[in-house]
Amino acid sequence: MTEQTPAQVGATSGSSATPTPVLVVRDLRAHVAGQQVVEHVDLEVAATGVTALLGRNGVGKTSTIKAVMGLIGRSGTIELEGRDISALPTHRVAQLGVGYVPEDREVFSGLTVTENLRLAERKGGEHRYDLVYELFPELKERGQQAAGTLSGGQQQMVSLARALLNDNRVLLVDEPTKGLAPRLVQEVGRVLTRAAEVVPVLLVEQNLQVVRDLASRVVVLTDGRSVHCGQATDFLDDPAATQRLLGVHGGTDPAGAV
């Protein structure tokens, strides 16, 4: 498989009618406490569906998402629907419609489920409680329960619900199935499928079966650099590529993980 840059993929996609990407990242570099954690990342998030960000552990996937959000120091170009947001602080990035679901859920454990959702409400925008409670009816039932007493799977529901509550332009979702039982992995997959019908998603995910089920495109990182992007099925169906870049065979094994 020939590795391609995002620009090359766009040029060879075969259609001039391809929608403009909702999020474009060029030459992204990021650091934490003076240490470089992202060296050079180029990626595009399509205006529809799920784009998966893949790579072995420690290659900079979470750091890339945090850099886009402005949570760590970064340089390069980040454009949201054509607007340069590279220099904006985190709260402004969020206000412009970038929803973020962190890797470790980060619910407010001492607050109720309802209070967690209310804190996520963006002023002046639509609050999609109907969608949230359609996807997560259990959260409505547990509205007065402290979030810290929920199971890991229920806390993941709260984290996803907070991002879906607002009318976002794109969602950045970091390892939503991490540590979950197989039944809950399927549930998260169902929710993300429904969410992607409403808003495009950039998904960091270790479970390759989840990626196969959800993503239409992939971007692969190695050592803080983007080294491949293209169609998800093309990549996952190429054992040599997945072995070389991820250390696993793509296949269809639900246990397959990056």
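With contacts defined as side-chain heavy-atom distances shorter than 4.5 Å, the pair Val107/Gln154 does not qualify. The side-chain heavy atoms of Arg29 and Val38, taken from C-beta on, include no pair separated by under 4.5 Å. When side chains are defined from C-beta on, Val173 does not count as touching Ile65, because their heavy atoms never get closer than 4.5 Å. Between Val22 and Pro200, some side-chain heavy-atom pair lies under the 4.5 Å cut-off. Between Val50 and Leu192 the shortest side-chain heavy-atom distance does not fall below 4.5 Å. Side-chain contact between Leu43 and Thr64 is present, with at least one heavy-atom pair separated by less than 4.5 Å. Phe235 has its side chain out of reach of Leu208: every pair of non-hydrogen atoms, C-beta onward, lies at least 4.5 Å apart. A heavy-atom distance below 4.5 Å is found between the side chains of Val219 and Ser226.
Considering CG of Asp238 and CD of Gln243, their distance stands at 11.0 Å, rounded to 0.5 Å. Atom CZ of Arg122 and atom NE2 of His91 lie 12.0 Å apart (nearest 0.5 Å). With rounding to the nearest 0.5 angstrom, the CZ atom of Arg56 is 8.0 Å from the CG atom of Leu245. For the atom pair OG (Ser75) and NE2 (His31), the distance works out to 8.0 Å, reported to the nearest 0.5 Å. Annotation: the span from Leu160 atom CG to Gln155 atom CD amounts to 12.0 Å, rounded to 0.5 Å.
Taking the side-chain hydrogen bond (donor to acceptor under 3.5 Å, both in side chains) definition, one finds that His40 meets it with Asp27, Asp42, sequence neighbours left out. Among residues two or more places apart in sequence or in another chain, the side-chain hydrogen bond (donor to acceptor under 3.5 Å, both in side chains) test is passed with Asn166 by none. Residues forming a side chain to side chain contact (heavy atoms under 4.5 Å, CB included) with Arg74 (at least two apart in sequence, or on another chain): Leu28, Ala30, Ala67, Ile78, Val93. Taking the side chain to side chain contact (heavy atoms under 4.5 Å, CB included) definition, one finds that Ala52 meets it with Leu54, Val211, Ala215, Val218, sequence neighbours left out. Applying the side-chain hydrogen bond (donor to acceptor under 3.5 Å, both in side chains) rule to Arg142 yields the partners Glu138, Gln145; only residues at least two apart in sequence or on another chain are considered. Not counting sequence neighbours, the partners of Thr90 by the side chain to side chain contact (heavy atoms under 4.5 Å, CB included) test are Met69, Leu71. For Thr193, the side chain to side chain contact (heavy atoms under 4.5 Å, CB included) partners at least two apart in sequence or on another chain are Leu214. Not counting sequence neighbours, Arg118 has no partner by the side-chain hydrogen bond (donor to acceptor under 3.5 Å, both in side chains) test.
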Quiz prompt | Stepwise side-chain contact (heavy atoms from CB on, under 4.5 Å) check, Arg26 with Glu44 | solution = CA-CA 9 Å; Arg26 293 285 182 262; Glu44 295 179 358; 2.5 Å; yes

Exercise. Dump the intermediate steps for side-chain contact (heavy atoms from CB on, under 4.5 Å) on Lys61 and Asp174, then the final yes or no.
Key: CA-CA 8 Å; Lys61 303 184 299 294; Asp174 194 0; 5.8 Å; no

Practice problem: Using the side-chain contact (heavy atoms from CB on, under 4.5 Å) rule, take Leu53 and Leu203 through it: C-alpha gap first, then chi angles, then the decisive distance, then the call. | Solution: CA-CA 6 Å; Leu53 185 60; Leu203 172 69; over 6 Å; no

Self-check item: Criterion side-chain contact (heavy atoms from CB on, under 4.5 Å) on Arg169 and Val199, from CA distance to verdict
Solution: CA-CA 6 Å; Arg169 312 312 303 157; Val199 57; 5.8 Å; no

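Side chains of Asn207 and Thr177: no donor on one and acceptor on the other come within 3.5 Å.
Counting all heavy atoms, side chain and backbone alike, Gly55 lies closest to Gln206 at O-OE1, 4.0 Å. Among all heavy-atom pairs drawn from Ala195 and Leu164, the shortest one is CB-CD2, 3.6 Å. Minimum heavy-atom separation, Ala46 to Thr51: N-OG1, 3.6 Å. Between Gly153 and Leu184, the closest heavy-atom pair is CA-CD1, 3.9 Å. Between Leu139 and Val158, the closest heavy-atom pair is CD2-CG2, 3.8 Å.
No side-chain donor-acceptor contact under 3.5 Å links Asn168 to the backbone of Leu171. The main-chain N or O of Thr112 is found under 3.5 Å from a side-chain atom of Asn116 such that the two form a donor-acceptor pair. A donor-acceptor pair is defined here as one N or O able to donate and one able to accept, closer than 3.5 Å; no such pair exists between the side chain of Thr242 and the backbone of Leu236. A donor-acceptor pair under 3.5 Å is formed between the side chain of Gln156 and the backbone N or O of Pro176.
Pairs engaging residues 216-230 under the salt bridge (Lys or Arg N to Asp or Glu O under 4.0 Å) rule: none recorded [sequence neighbours left out].
The other members of the hydrophobic cluster of Phe108, by chain and number, are Leu111, Leu119 (side-chain heavy atoms under 4.5 Å, ILVMFWY only).
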Name every donor-acceptor pair, under 3.5 Å, that has one atom in a side chain of residues 129-136 and the other anywhere in the protein, sequence neighbours excluded.
unit_1	atom_1	unit_2	atom_2	d
Tyr129	OH	Glu121	OE2	2.6
Glu134	OE2	Arg194	NE	3.3

Donor-acceptor pairs are to be reported for all side-chain atoms of residues 94-104 against protein atoms at under 3.5 Å, with residues two or more places apart or in another chain.
unit_1	atom_1	unit_2	atom_2	d
Gln95	OE1	Arg92	NH1	2.9
Glu103	OE2	Lys178	NZ	2.6

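Within a 6.0 Å sphere centred on CD of Gln35, other residues, nucleotides and ligands contribute 12 heavy atoms or fewer.
Linking Ile, Leu, Val, Met, Phe, Trp and Tyr whenever their side-chain heavy atoms come within less than 4.5 Å leaves Leu221 and Val24 in two separate clusters.
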